[in-house]
S.K.: 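Here it is, the structure in full.
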Amino acid sequence: MTQVKKNNYNTFSNSLLSWYDINRRILPWRAPPGEISNPYFVYLSEIMLQQTLVKTVIPYFLKFVRKWPDINALAKAELHEINSYWAGLGYYSRAKNLHETAKIISNKFDGFLPTDKNSLMALPGIGEYTSSAIMAIAFDRKSNVVDGNVERVFSRFYAVEKPIKESKIFIKNIAEKHLPDNRHGDYAQALMDLGSLICIPKSPRCKMCPLLAICDVGGTTSAKQYPIKLPKKEKEERYGLFFYLQNKDGAVLFETNKSSGLLANMDVLPSIGWYEESNRFKKSPKFNKKKPNFLGMKWKILDQNLNHIFTHFKLNCSLAIATINDENALVNDLSKSSYRFVQKTNINELALPSLIKKILNALKNNEILDF
DNA sequence: AACTCGGGGGA
DNA sequence: TCCCCAGAGTT
């Protein structure tokens, strides 16, 4: 990589801020030019934006602030209701940590976010990046805000020849040197807007970039190859069998996941564990695809399968359906778990991850079931 | 240091 | 189809 450019730090930040003044995105949590940020909006948005696109977050953010206009309101909510609003956004530990932190801020800090980085870092769900972002955006404090966008921008600006994993420290030190001495919040957001609008992952729009003249790779065909990519791991496949049981009133059996692991605290259809093809019969006696052993019911196995992609594996879902007339026969099974029948009109109040929504929707479209 | 934890936008 | 997104917590 090239030597750090000397005396270009002011050129960098001035060019970036001038560009931002004209091209800044209008976002529901972002204060208009010259106005003070709402720290609750900044905090809530930063949690939602962790590994999540702005476009995806906007409707969730609007739903949340309409339902819980301030942090004290959020602190008083039930976790399950927060999860039902969060459903579909993913990384559900964020919702739990959001609630925990809201309660701490409401009860111990009189409803005000701490204004120092270390106190913010001590709160559940707030780490290195998010604490820095809140310091800069909510409190306009000088703060090195480095996310995936910023890493991409600097990896191109300095033609960093190593993958992010190996160059993280270098890039963070570089970013630190570029920080201006004023407009800290605007600068942090300008860098991210640049990464989102101009210095985008696949086909960077170098011709429109305010930093084109001083960027190491700006305008070249090699710009898009930065940051250097690592070879990807192959995604494994797992198999699951989900049970859709209606009682005589048409209510559907759901359970609530335990508070750790995948889809923690979310409402799901009962299923066996999810196993690799070769292990599913050995590991779960329930998983006999022709005659699954679950709640002692006779199940109809649907021909239609359905795939769902998680970060680390692909889940192949089979579906089993049944109707029960006398659910009292299940009382012993149901009392030992979080199983419960839910009326169809109340299903929309559940905290359903996208996987389960997808399954319910497929069943509905199958028109086998009386929705 | 490596792994876990969702879901979807966009090309 | 594949990449990657305003990352944090756990092991």
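Reckoned from all heavy atoms, side chains included, excluding hydrogens, waters and symmetry mates. Letters A, B, ... are given to chains in the order of the sequence lines, protein chains preceding strands, and every chain is numbered from 1.
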S.K.: Does T130(A) put a side-chain nitrogen or oxygen below 4.0 Å from OP1 or OP2 of dA8(C)?
M.R.: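 Yes, within the criterion.
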S.K.: Using a heavy-atom cut-off of under 4.0 Å over every strand shown, decide if L89(A) touches base, sugar-phosphate, or nothing.
M.R.: base
S.K.: Just checking F310(A) against F313(A), ring centres under 6.0 Å apart?
M.R.: yes
S.K.: Tell me whether the centres of the aromatic rings in W274(A) and Y239(A) are closer together than 6.0 Å.
M.R.: no
S.K.: Taking only side-chain nitrogens and oxygens of Q51(A), does any of them come within less than 4.0 Å of OP1 or OP2 of dG7(C)?
M.R.: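 Q51(A) to dG7(C) OP1/OP2: side-chain N or O found under 4.0 Å.
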S.K.: Minimum heavy-atom separation for K358(A) and H308(A), please, with both atom names.
M.R.: NZ-ND1, 2.9 Å
S.K.: Both Y92(A) and K55(A) contact DNA chain B. Which one's nearest nucleotide lies toward the 5' end?
M.R.: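 Looking at DNA chain B, the more 5' nearest nucleotide goes with Y92(A).
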S.K.: Tell me what W86(A) touches on the nucleic acid: a base, only sugar-phosphate, or nothing, going by heavy atoms under 4.0 Å.
M.R.: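 Touches nothing.
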S.K.: Nearest to the side chain of R30(A), which nucleotide is it out of dA6(C), dG6(B), dA8(C)?
M.R.: dA6(C)
S.K.: Please state the C1' separation for the pair dG9(B) and dA8(C) - nearest whole angstrom.
M.R.: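 Rounded to whole Å, the distance is 23 Å.
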S.K.: Would you find more than 12 non-hydrogen atoms of other residues, nucleotides or ligands less than 6.0 Å from I169(A) atom CD1?
M.R.: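 Open.
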S.K.: Kindly say whether the aromatic ring centers of F154(A) and F12(A) come within a distance under 6.0 Å.
M.R.: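 Under 6.0 Å, so yes.
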S.K.: What is the nucleic acid contact for V54(A), judged by heavy atoms within less than 4.0 Å: base, sugar-phosphate only, or nothing?
M.R.: base
S.K.: Base, sugar-phosphate, or nothing: which does Y91(A) touch, judged by heavy atoms less than 4.0 Å apart?
M.R.: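 Contact class for Y91(A): base.
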S.K.: Could you list, one pair per line, each protein nitrogen or oxygen that sits under 3.5 Å from a nitrogen or oxygen of nucleotides 1-3 of chain B, together with the distance?
M.R.:
none

S.K.: Among dC4(C), dG6(B), dA6(C), which nucleotide sits nearest the side chain of K229(A)?
M.R.: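 In terms of side-chain proximity for K229(A), the closest of dC4(C), dG6(B), dA6(C) is dC4(C).
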S.K.: Using the C1' atom as the reference point in each nucleotide, state the distance between dG6(B) and dC3(C) in Å, no decimals.
M.R.: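 That atom pair is separated by 15 Å.
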S.K.: Kindly check if the number of other-residue, nucleotide or ligand heavy atoms within 6.0 Å of CZ (F109(A)) is above 12?
M.R.: yes
S.K.: With sugar-phosphate meaning primed atoms plus P, OP1 and OP2, does L27(A) contact a base, only sugar-phosphate, or nothing at under 4.0 Å between heavy atoms?
M.R.: base
S.K.: Kindly check if the number of other-residue, nucleotide or ligand heavy atoms within 6.0 Å of CG (D326(A)) is above 12?
M.R.: yes
S.K.: M48(A) CE to dA8(C) P: how many Å, rounded?
M.R.: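 Rounded to whole Å, this separation is 16 Å.
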S.K.: Give the rounded distance in Å between these two atoms: NZ of K358(A) and P of dG7(B).
M.R.: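 Value for this atom pair: 8 Å.
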S.K.: Round to a whole Å and report the spacing from NZ of K235(A) to P of dG7(B).
M.R.: 12 Å
S.K.: Taking side chain as C-beta onward, heavy atoms only, is Y40(A) less than 4.5 Å from L74(A)?
M.R.: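 Side-chain contact under 4.5 Å: yes.
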S.K.: Just call it for S354(A): base, sugar-phosphate, or nothing, with non-hydrogen atoms closer than 4.0 Å on any strand.
M.R.: sugar-phosphate
S.K.: Whole Å only: how far is the CG atom of L230(A) from the P atom of dC3(C)?
M.R.: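 Interatomic distance, CG of L230(A) to P of dC3(C): 12 Å.
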S.K.: Do the non-hydrogen side-chain atoms of W29(A) and Y43(A) ever get within less than 4.5 Å of each other?
M.R.: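 Side chain of W29(A) against side chain of Y43(A), heavy atoms only: no contact under 4.5 Å found.
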S.K.: Would you kindly compare K202(A) and G88(A) by the position of their nearest DNA chain B nucleotide and give the one closer to the 5′ end?
M.R.: G88(A)
S.K.: Say you pick atom C1' in dG9(C) and the same atom in dG8(B); how far apart are they, in whole Å?
M.R.: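 Between the two C1' atoms, the distance is 23 Å.
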S.K.: dG7(C) P sits how many Å from R94(A) CZ, rounded?
M.R.: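 Between P of dG7(C) and CZ of R94(A): 10 Å.
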S.K.: Taking the six-membered ring where the residue is Trp, are the ring centres of Y20(A) and Y187(A) under 6.0 Å apart?
M.R.: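 Centroid distance Y20(A)-Y187(A): not below 6.0 Å, so no.
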S.K.: Whether the side chain of R156(A) engages the backbone of A223(A) through a donor-acceptor N/O pair (distance < 3.5 Å, no angle test) should be reported.
M.R.: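 Yes; judged by distance alone, with no hydrogens or angles, the pair exists.
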S.K.: Could you tell me whether S196(A) contacts a base, only the sugar-phosphate backbone, or nothing, with contacts defined as non-hydrogen atoms closer than 4.0 Å?
M.R.: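 The answer is nothing, as S196(A) stays clear of every strand by at least 4.0 Å.
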S.K.: If a pair means Watson-Crick or G-U wobble with both distances below 3.5 Å, what does DNA chain B look like in dot-bracket form, with | marking bases paired to a different strand?
M.R.: |||||.|||||
S.K.: Once you round it to whole Å, what is the distance between C1' of dC5(C) and CD1 of I58(A)?
M.R.: 14 Å
S.K.: What's the CG-P distance between L120(A) and dA6(C), to the nearest Å?
M.R.: 21 Å
S.K.: Return whichever of S45(A) or I126(A) has its heavy-atom-nearest nucleotide of DNA chain C closer to the 5' end.
M.R.: S45(A)
S.K.: When all nucleic acid strands are considered with a 4.0 Å heavy-atom cut-off, which category describes Q189(A): base, sugar-phosphate, or nothing?
M.R.: nothing
S.K.: Would you classify R152(A) as touching base, sugar-phosphate or nothing, given that sugar-phosphate means primed atoms plus P, OP1 and OP2, and contacts are heavy atoms under 4.0 Å?
M.R.: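 Answer is sugar-phosphate: R152(A) comes under 4.0 Å of backbone atoms only.
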S.K.: Just to verify, which of V252(A), L253(A), L355(A), L352(A) counts as forming a side-chain contact (heavy atoms from CB on, under 4.5 Å) with L269(A)?
M.R.: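 For L269(A), the side-chain contact (heavy atoms from CB on, under 4.5 Å) test succeeds with only one of V252(A), L253(A), L355(A), L352(A), which is V252(A).
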S.K.: Expressed in whole Å, how much space separates the C1' atoms belonging to dC5(B) and dC4(C)?
M.R.: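 Their C1' atoms lie roughly 15 Å apart.
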S.K.: Within this structure, what is the OH-to-C1' distance between Y129(A) and dC4(C), rounded to whole angstrom?
M.R.: 15 Å
